[in-house]
Amino acid sequence: MRKPIIAGNWKMNNTSAAAQALIEELKPLCKNAKCEVVICVPFTLISLAAAATKGSNIRVGAQNVAWADKGAFTGEVSAEMLKEAGAEYVIIGHSERRQMFGETDESVNKRTIQALKYGLKPIVCVGETEQEKIGGKTDEVNRRQTIAALKGITKEQLDNVVIAYEPVWAIGTGKTATADDADTTIGLIRGVVAELFDAKTAGGLRIQYGGSMNAANCDELMAKEHIDGGLIGGASLKAADFSRIVSSAK
Ligand code: PGA
C-alpha cells in the first residue's frame with residue numbers, strides 16, 4: 001500500500017509572521033491526516049517551519065537544492081544546509097524552474113541524486129506544456145522527463161523518491177486535468193518506472209498530481225488508482241483549503 005502524500009508548494013509566498021500563523025492554523029486541522037503532510041516553504045522559512053511543526057505530523061520541505069556539495073555556487077543552497085535547517089523533502093524540477101530558471105532534465109537528475117545522497121526526499125516534477133499536449137506529445141514528454149530524472153538512481157533510493165505529475169498548462173491556471181487523464185498519465189509514468197526497475201518497485205512509488213488541485217476537485221482526483229497525493233500551489237496558502245485536500249487522502 002502506498003501512503004498518500006499531500007504537499008503544499010508555497011512558492012515565493014509568506015514571510016515569518018504569515019508563515020507562523022498559517023502553520024498554527026494547519027496543525028490542528030491536519031492532525032488526523034491519513035496521509036503524509038508536507039509544506040515546501042521558501043529557504044528563509046525552513047528553520048521557522050521546522051520549529052513550528054515540531055511534534056506535529058507536518059513535515060517540511062524546500063523548493064530546490066544545489067547539485068554540488070559546497071563551494072563557489074552563488075545563490076545556491078546545498079542539501080546539507082537544507083537538512084540542517086530542518087527540511088526533509090525537496091521539490092526538484094518544478095516547471096517554473098524549468099521554464100524561468102534554465103532547469104534541464106540533466107540538472108534535475110543531478111539535483112535528485114544530490115538530495116538522496118544527503119537523505120533528503122526529492123519530489124521530482126514532470127509534466128507537459130500546453131503546446132506539447134496539443135501536439136500529442138504528453139506521453140513522450142513525461143516518459144523522457146521520468147527516465148532522465150531517475151538516471152543512476154538505485155531501487156533502494158527510489159523508496160525515498162516521490163514523483164509529481166504536473167501538467168504545466170494546469171499550474172496556477174484553474175484548469176485541472178480531468179481525473180481520468182491525470183490517472184492515465186500517472187499510470188504511464190508508473191509503467192515507465194516499471195520498465196526502468198520492475199513492477200513491484202513501480203507499484204511502491206508514490207506519484208502525485210499537481211496543477212490547480214483544490215478543495216473542490218481533490219476527492220475525484222484522490223479516488224483514482226494511480227494518484228497518490230497532490231502537490232498543491234495556490235490552495236496550500238489557505239489553511240481551510242489545504243486541510244480539506246489533506247482530508248481527501250484516505
Ligand atoms: P497550483 O500549483 O496548485 O497553484 O496550480 C501547483 C504547483 O505549481 O505545484
Side-chain angles (χ1 to χ4, degrees), residues 4-14 18-19 22 26 30 35-43 45-46 49 58-65 87 89-103 108 111-112 115 121-130 132-133 138 141-142 145-146 149 161-179 181-183 185-186 189 206-222 224 227-249:
I5 173 168
I6 302 286
N9 175 8
W10 286 13
K11 308 192 180 185
M12 198 171 72
N13 290 293
N14 289 332
L22 178 51
L26 281 174
C30 294
C35 61
E36 237 177 296
V37 183
V38 184
I39 51 172
C40 296
V41 305
F43 292 134
L45 294 173
I46 294 172
I58 300 175
R59 301 279 162 269
V60 176
Q63 299 172 14
N64 194 14
V65 61
Y89 284 87
V90 59
I91 297 172
I92 295 175
H94 190 281
S95 65
E96 285 152 17
R97 297 218 58 87
R98 291 181 191 255
Q99 295 201 313
M100 292 186 278
F101 301 100
E103 202 75 64
V108 168
R111 292 183 202 278
T112 303
K121 298 172 185 164
I123 299 175
V124 182
C125 303
V126 300
E128 79 285 356
T129 62
E130 182 151 45
E132 289 164 340
K133 178 182 158 69
T138 296
V141 168
N142 286 289
Q145 291 185 354
T146 302
V161 175
V162 175
I163 290 183
Y165 165 56
E166 298 206 301
V168 179
W169 49 269
I171 295 176
T173 57
K175 286 191 255 174
T176 322
T178 66
D181 284 353
D183 193 49
T185 303
I186 290 179
I189 293 168
R206 295 184 295 177
I207 311 180
Q208 301 171 311
Y209 168 77
S212 298
M213 190 164 168
N214 58 39
N217 59 29
C218 57
D219 289 328
E220 200 190 343
L221 286 160
M222 287 302 295
K224 289 292 173 188
I227 304 181
D228 303 318
L231 185 55
I232 322 296
S236 73
L237 299 171
K238 294 196 194 98
D241 289 353
F242 187 63
S243 59
R244 174 64 187 84
I245 298 169
V246 164
S247 72
S248 71

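Both counts, for ligands and for their atoms, begin at 1 and track the order of listing. Any value given below was found using the heavy atoms of this structure, including those in side chains, with hydrogens, waters and symmetry copies removed.
Salt-bridge check for Arg98 with Glu166: failed, with every basic side-chain N at 4.0 Å or more from each acidic carboxylate O. The pair Arg244-Asp219 meets the salt-bridge criterion, with a side-chain N (NZ, NE, NH1 or NH2) lying under 4.0 Å from an Asp/Glu carboxylate O.
Side-chain contact check for Asn64 versus Phe43: some heavy-atom pair is nearer than 4.5 Å. Between Ile91 and Cys125 there is a side-chain heavy-atom pair separated by less than 4.5 Å. Counting only heavy atoms from C-beta outward, the side chains of His94 and Ile171 approach each other to under 4.5 Å. Residues Val38 and Lys121 form no side-chain contact, since every pair of their non-hydrogen atoms from C-beta on lies 4.5 Å or further apart.
Of all atoms in ligand 1, listed by their number and element, those nearer than 4.0 Å to a heavy atom of Glu166 are 6 (C), 7 (C), 8 (O), 9 (O). Taking every heavy atom of Gly211 and a limit of under 4.0 angstrom, the matching atoms of ligand 1 come to 5 (O).
Counting only distance, with no hydrogens or angles, the side chain of Gln63 and the backbone of Cys40 share a donor-acceptor pair below 3.5 Å.
At a 4.0 Å cut-off, not a single heavy atom of Gly210 sits close enough to ligand 1 to count as contact. For Ala235, the closest heavy-atom approach to ligand 1 does not fall below 4.0 Å.
Ligand 1 has an N or O atom lying under 3.5 Å from an N or O atom of Gly172, backbone or side chain. The shortest N or O to N or O distance between Thr173 and ligand 1 is not below 3.5 Å.
For the residues His94, Lys11, Gln208, the heavy atom positioned nearest atom 2 (O) of ligand 1 is part of Lys11. Considering only non-hydrogen atoms, atom 4 (O) of ligand 1 lies nearest to Gly234 out of Ser95, Gly234, Ala170, Ser236.
Using a 4.0 Å cut-off between heavy atoms, Ile171 contacts ligand 1 through both its backbone and its side chain. Under 4.0 angstrom from ligand 1, there are no non-hydrogen atoms of Ala164.
At the top of the distance list for atom 3 (O) of ligand 1, counting protein heavy atoms only, stands Gly233 N, 2.8 Å.
The CG atom of Leu45 sits 7.0 Å away from the CG atom of Asn14 when rounded to the nearest 0.5 Å.
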